[in-house]
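To keep things clear, I will list the structure first and then write my remarks on it.
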Amino acid sequence: MLGVLKKEKKLKMRMSNEVLLNCGIKIPIIGFGTYSFHNDGQKTELAVQMALKMGYRHFDTAKIYGSEPAVGKALTEAIMDGRIKREEVFVTSKLWGCDHHDPVSALKKTLERMGMEYLDMYLVHWPVKLKEWACYPVPMEDDFEDLDLETTWRGMEKCLDLGLCRCIGVSNFSSNKIQSLLDFSSITPAVNQVEMHPMWRQTRLREYCGEEKIHVSAYSPLGGPGNSWGSTAVVDSPILHSIALKHNATPAQVALKWGMSKRSSVIVKSFSQQRMEENIKALDLKLDAQDLLDIEKLEERKIMRGEFLVNETTSPYKSLQDLWDDDV
């Protein structure tokens, strides 16, 4: 009986780790990512169900991932069965470049695919506008259009006005691009979801977003080791291994806790039960001041560089510097 009570207490503690956003709602500090190269709907459903049992309450998807139907189905079933209430989960999806012309219609289609009435967060996936048919991950040279961020953001604000989502935000935006958005926006983005981990610490961006009360959410907080574009450099780091040994933890847990220590939410993606449990246990880890100083010594290296959005002819970004400004 005592063991069951302890387990329930730990589950409640996991679910209560949240950060208040500028839109007035709270975001769980650890999120469950659902991007998968193979996009196996059944595996995604099972992983989401397992994640719910472990205490994950923040689920991250996107139109371009193809995982919206599976995430929606798993969450809806859990809600219908009474295992969770809708207000106990935080659901994020994203606007792909081919839908910049009409974010409202795009979000309505996302909700239809997910079988949900609203999202908690809707993000502009990249500061890139594509032709309406370019609904695939890697655009071709003729797919790019001139970015009209003001019109796109007006559509995002309309999504909020219509009650289709509770908050709106951006992803992969540099400090300069957020500043440009703030020059005309009525509503400040609640979130900027970007690559962030101990080897790409986003110090300048975090400082800027902090000043503007924009929450930084970290994707690939372990460096994306399971992705084709990812790297094992973060989890293989000798410094992280040393810190992990000191705390009887794993390098992955150290990397995740580092992100949380910066008051960022971290979006972890693994469908392995062992890894999922390992990742959420990062909430229990405590890093000391020396650990944080040691992590600052790591050489920085951006892993998701976004080359697929850069070309010298049709893209608004002729170079990586154009895409990321001074944040690369």
State whether the number of non-hydrogen atoms from other residues, nucleotides or ligands found under 6.0 Å of [X] atom [atom1] is greater than 12.
{"X": "E312", "atom1": "CD", "value": "no"}
{"X": "E212", "atom1": "CD", "value": "yes"}
{"X": "E141", "atom1": "CD", "value": "yes"}
{"X": "K158", "atom1": "NZ", "value": "no"}
{"X": "K26", "atom1": "NZ", "value": "no"}
{"X": "N248", "atom1": "CG", "value": "no"}
{"X": "D146", "atom1": "CG", "value": "no"}
{"X": "E87", "atom1": "CD", "value": "yes"}

Nearest 0.5 Å, what's the [atom1]-[atom2] distance between [X] and [Y]?
{"X": "H125", "Y": "D99", "atom1": "NE2", "atom2": "CG", "result": "12.5 Å"}
{"X": "H241", "Y": "K246", "atom1": "NE2", "atom2": "NZ", "result": "16.0 Å"}
{"X": "K286", "Y": "S261", "atom1": "NZ", "atom2": "OG", "result": "13.0 Å"}
{"X": "T151", "Y": "K129", "atom1": "OG1", "atom2": "NZ", "result": "7.0 Å"}
{"X": "I27", "Y": "I25", "atom1": "CD1", "atom2": "CD1", "result": "7.5 Å"}
{"X": "M196", "Y": "I267", "atom1": "CE", "atom2": "CD1", "result": "11.5 Å"}

* **Check against salt bridge (charged side-chain N to carboxylate O under 4.0 Å, His left out), K109 and E112** => CA-CA 5 Å; K109 285 174 185 168; E112 195 177 313; over 6 Å; no

Is it true that [X] and [Y] have a side-chain N and a carboxylate O under 4.0 angstrom from each other?
{"X": "E300", "Y": "R201", "value": "yes"}
{"X": "K177", "Y": "D325", "value": "yes"}
{"X": "E88", "Y": "R57", "value": "no"}
{"X": "R154", "Y": "E157", "value": "no"}
{"X": "D120", "Y": "R86", "value": "yes"}

* Asked: Does the pair D294 and K297 meet the rule for a salt bridge (charged side-chain N to carboxylate O under 4.0 Å, His left out), with working shown?
  -> CA-CA 5 Å; D294 288 343; K297 296 172 190 170; 3.1 Å; yes

Checking [Y] against [X]: is there a side-chain donor and acceptor pair closer than 3.5 Å?
{"X": "R204", "Y": "S175", "result": "yes"}
{"X": "N176", "Y": "S174", "result": "no"}
{"X": "D60", "Y": "Y219", "result": "no"}

* To do: Start with the C-alpha distance between I214 and V191, add both sets of side-chain angles, then the distance that settles side-chain contact (heavy atoms from CB on, under 4.5 Å), and finish with yes or no.
  => CA-CA 5 Å; I214 297 169; V191 163; 5.6 Å; no

Whether the side chain of [X] engages the backbone of [Y] through a donor-acceptor N/O pair (distance < 3.5 Å, no angle test) should be reported.
{"X": "H100", "Y": "V128", "result": "yes"}
{"X": "H247", "Y": "A249", "result": "no"}
{"X": "K73", "Y": "M114", "result": "no"}

Smallest separation among heavy atoms of [X] and [Y], with atom names:
{"X": "F32", "Y": "S270", "answer": "CE1-O, 3.4 Å"}
{"X": "R263", "Y": "E18", "answer": "NH2-O, 3.8 Å"}
{"X": "L160", "Y": "C167", "answer": "CD1-N, 3.6 Å"}

* Flag the pair W324 / W126 as yes when their ring centroid distance falls below 6.0 Å, and as no otherwise. =>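 W324 vs W126: aromatic centres under 6.0 Å.
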
* Sole candidate of V235, I243, V234, I239 that passes side chain to side chain contact (heavy atoms under 4.5 Å, CB included) when paired with V254 ->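 When side chain to side chain contact (heavy atoms under 4.5 Å, CB included) is applied between V254 and each of V235, I243, V234, I239, only I243 qualifies.
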
* Asked: For the side chain to side chain contact (heavy atoms under 4.5 Å, CB included) test, which of V194, L205, V124, L123 pairs with F173?
  ->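 When side chain to side chain contact (heavy atoms under 4.5 Å, CB included) is applied between F173 and each of V194, L205, V124, L123, only V124 qualifies.
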
* Asked: Would K269 count as a cation-pi partner of F271, with NZ or CZ less than 6.0 Å from the six-membered ring centre and within 45° of the ring normal?
  ->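 Here K269 passes the 6.0 Å and 45° test against F271.
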
* To do: Can you spot which of K94, R113, K63 makes a salt bridge (charged side-chain N to carboxylate O under 4.0 Å, His left out) with E68?
  =>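 It is R113; the other options fail the test.
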
